[in-house]
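Below is one structure; the comments refer to it alone.
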Amino acid sequence: MINIQWDKLGFDVVPTKSMFKATCSQNETWKNGAIVPYGNIELSPAANVLNYGQGAFEGVKAFRTIKGNIVLFRADKNAARMAFSTRRLCIPEMDTQFFMDAVMKTVKDNIDYVPPYGKGSLYIRPVIWGTSAGLGVKPASDYTFMVFVTPVGPYFKKGIRPLNLKITDQYHRAAPKGIGNIKAIGNYSASLYPLSQAKDEGYDEVVYLDAADGKRIEEVGSANFFIYKDGVLKTPSLSGSILGGVTRDSVCVVAKDVLNIEVEETDLYIDDIEHADEIFCTGTAVVVSPVGKITFNEKTYEINQNEMGPITKKIRETILAIQREESEDIYGWLKQIR
Ligand SMILES: *Cc1c(COP(=O)(O)O)cnc(C)c1O
């Protein structure tokens with residue numbers, strides 16, 4: 001029997017029973033693969049991923065629902081994004097069906113690690129990389145795809161308290177026409193230093209501006225960004241250096257359809273923050289998290305008296321209700337595993 005204190009779960013790696021592993025050479029397609037015991041792997045010090053960062057990852061969640069089912073939330077979108085990421089990185093393109101099968105197998109084999117209804121979720125991490133040793137800069141000849149899982153609770157330890165963000169004009173996360181729009185291994189490494197500094201200064205996360213002219217808001221380190229003002233919900237359009245989040249898309253759909261809010265994908269500027277009624281950020285890990293304060297160049301804007309706003313709350317609850325089968329899955333976003 002596994003022994004996990006479900007109420008104490010945060011967002012950390014908890015070792016589980018098993019993981020999925022497949023390998024593929026450069027001119028092959030993804031096939032076979034198997035569940036293996038969870039544990040460390042061996043890698044050449046000259047592996048392409050270690051030296052040149054040829055790799056991509058995904059983040060998906062499985063939930064135990066009010067009906068007692070175990071479901072995946074929009075994993076087909078992650079499969080499609082993984083295919084997109086691998087293409088950009090010269091990794092043999094991940095087959096969406098292969099991805100789904102690997103995810104399903106891994107969750108099924110680790111089903112005891114899916115937290116009870118309402119206590120969190122099973123975070124699924126598919127990751128793919130260039131395995132073979134090489135010194136010259138070129139795509140690897142061999143690749144590895146793995147899926148591991150870990151039970152998680154809330155992303156932010158202190159619960160859903162509105163976030164205190166810092167907008168930086170000292171660092172950029174992603175370059176125009178670079179790889180900011182794929183989930184490349186190493187994209188986050190650019191954000192570790194600004195994030196550490198911001199945390200030392202008492203902020204929760206960093207908001208990045210576009211690297212072309214530094215005027216438009218792009219996203220929060222690992223989550224997408226939304227502003228609600230006068231009945232309109234706005235989020236930066238996918239310019240090429242923003243990661244197209246699955247949660248971002250879900251929020252746009254739910255806001256338009258369920259809540260009858262006008263949704264605009266557009267350019268957002270610092271000025272828009274000053275007049276915002278509500279601000280929140282979105283991601284698989286954070287779901288929908290309210291923003292209470294944003295600081296730019298010594299000026300701090302307080303949003304909705306540093307409280308979660310009613311629209312943020314409604315959108316968050318609508319998505320959580322779909323994920324937990326408390327409301328009907330009208331969009332077919334859930335895939336039942338058990
Ligand atoms: C993964 C990620 C997001 C959120 O995407 P989801 O699909 O909603 O989890 C946002 N920004 C960046 C940079 C990311 O890597």
Side-chain angles (χ1 to χ4, degrees), residues 11 53 55-63 72-86 88-89 94 96 99 103 121-128 149-150 152 154-156 163 165 167-168 171-176 178-195 198 204-211 216-226 235-255 265 268 279-289 291 312 315-316 318-320 322-323 331 333 335:
F11 202 82
F57 65 98
E58 272 303 327
V60 193
K61 273 179 177 173
F63 298 86
L72 290 173
F73 181 71
R74 303 197 78 183
D76 54 323
K77 294 281 277 184
N78 299 90
R81 191 168 63 192
M82 181 61 114
F84 179 65
S85 296
T86 47
R88 175 66 177 82
L89 295 173
M94 177 45 63
T96 53
F99 178 98
V103 165
S121 54
L122 188 72
Y123 187 80
I124 303 155
R125 169 53 58 81
V127 55
I128 193 165
V149 296
T150 186
V152 296
Y155 188 78
F156 295 105
L163 300 174
L165 305 183
I167 302 176
T168 181
Y171 302 98
H172 289 299
R173 189 194 78 88
I179 52 172
N181 60 342
I182 62 166
K183 276 189 107 74
I185 283 175
N187 271 352
Y188 284 171
S189 65
S191 68
L192 297 178
Y193 187 71
L195 180 62
D204 297 304
E205 275 285 348
V206 177
V207 179
Y208 293 94
L209 301 173
D210 76 279
R216 281 159 292 139
I217 294 169
E218 291 217 311
E219 59 176 302
V220 186
S222 53
N224 294 113
F225 189 87
F226 284 83
T235 190
S237 44
L238 299 177
S239 58
S241 46
I242 295 175
L243 196 283
V246 175
T247 322
R248 175 187 178 279
D249 183 77
S250 309
V251 164
C252 290
V253 171
V254 159
E265 298 184 43
L268 288 181
I279 297 182
F280 58 86
C281 55
T282 69
T284 298
V286 301
V287 196
V288 172
S289 287
V291 174
T312 308
I315 291 175
R316 181 183 163 87
T318 303
I319 289 185
L320 285 175
I322 294 175
Q323 291 176 332
Y331 307 106
W333 282 348
K335 182 164 179 70

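Read the numbers this way: they start at 1 and go in the same order the structure lists the ligands and their atoms.
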query: Looking only at heavy atoms, is any part of K77 under 4.0 Å from ligand 1, and if so is it the side chain, the backbone, or both, or is it neither?
result: neither

query: Looking at atom 5 (O) of ligand 1, what's its closest protein heavy atom, distance included?
result: G245 CA, 3.3 Å

message: I'd like to check whether N224 has a polar contact with ligand 1, where a contact means an N/O of the residue lying under 3.5 Å from an N/O of the ligand.
response: no

query: Counting only N and O atoms by type, is there a donor-acceptor contact under 3.5 Å from the side chain of N224 to the main-chain atoms of G244?
result: no

field: Atom indices of ligand 1 within 4.0 angstrom of G221 heavy atoms, with elements
entry: 13 (C)

field: Polar contact flag for R81 and ligand 1 (N/O pairs, less than 3.5 Å)
entry: yes

- request: Select the closest option to atom 10 (C) of ligand 1 among E219, K61, R248, judged by heavy-atom distance.
  value: E219

field: T282 side-chain N/O to T247 backbone N/O, donor-acceptor pair under 3.5 Å
entry: no

task: Take atom OH of Y331 as the centre, draw a 6.0 Å sphere, and report whether it contains more than 12 heavy atoms from other residues, nucleotides or ligands.
output: yes

task: Around atom 7 (O) of ligand 1, find the nearest protein heavy atom and jot down its residue, atom name and distance.
output: V246 N, 2.7 Å

4.5 Å side-chain heavy-atom contact, E58 and V103: no

message: For the backbone of V288 and the side chain of R316, can you confirm whether one donor and one acceptor N or O come within less than 3.5 Å of each other?
response: yes

query: Parallel, tilted or perpendicular: which describes the rings of Y123 and F11, with under 30° parallel and over 60° perpendicular?
result: perpendicular

Identity and distance of the protein heavy atom lying nearest atom 2 (C) of ligand 1: K183 NZ, 2.6 Å

- request: Compute the shortest N/O to N/O distance between T247 and ligand 1 and return yes if it is under 3.5 Å, no if not.
  value: yes

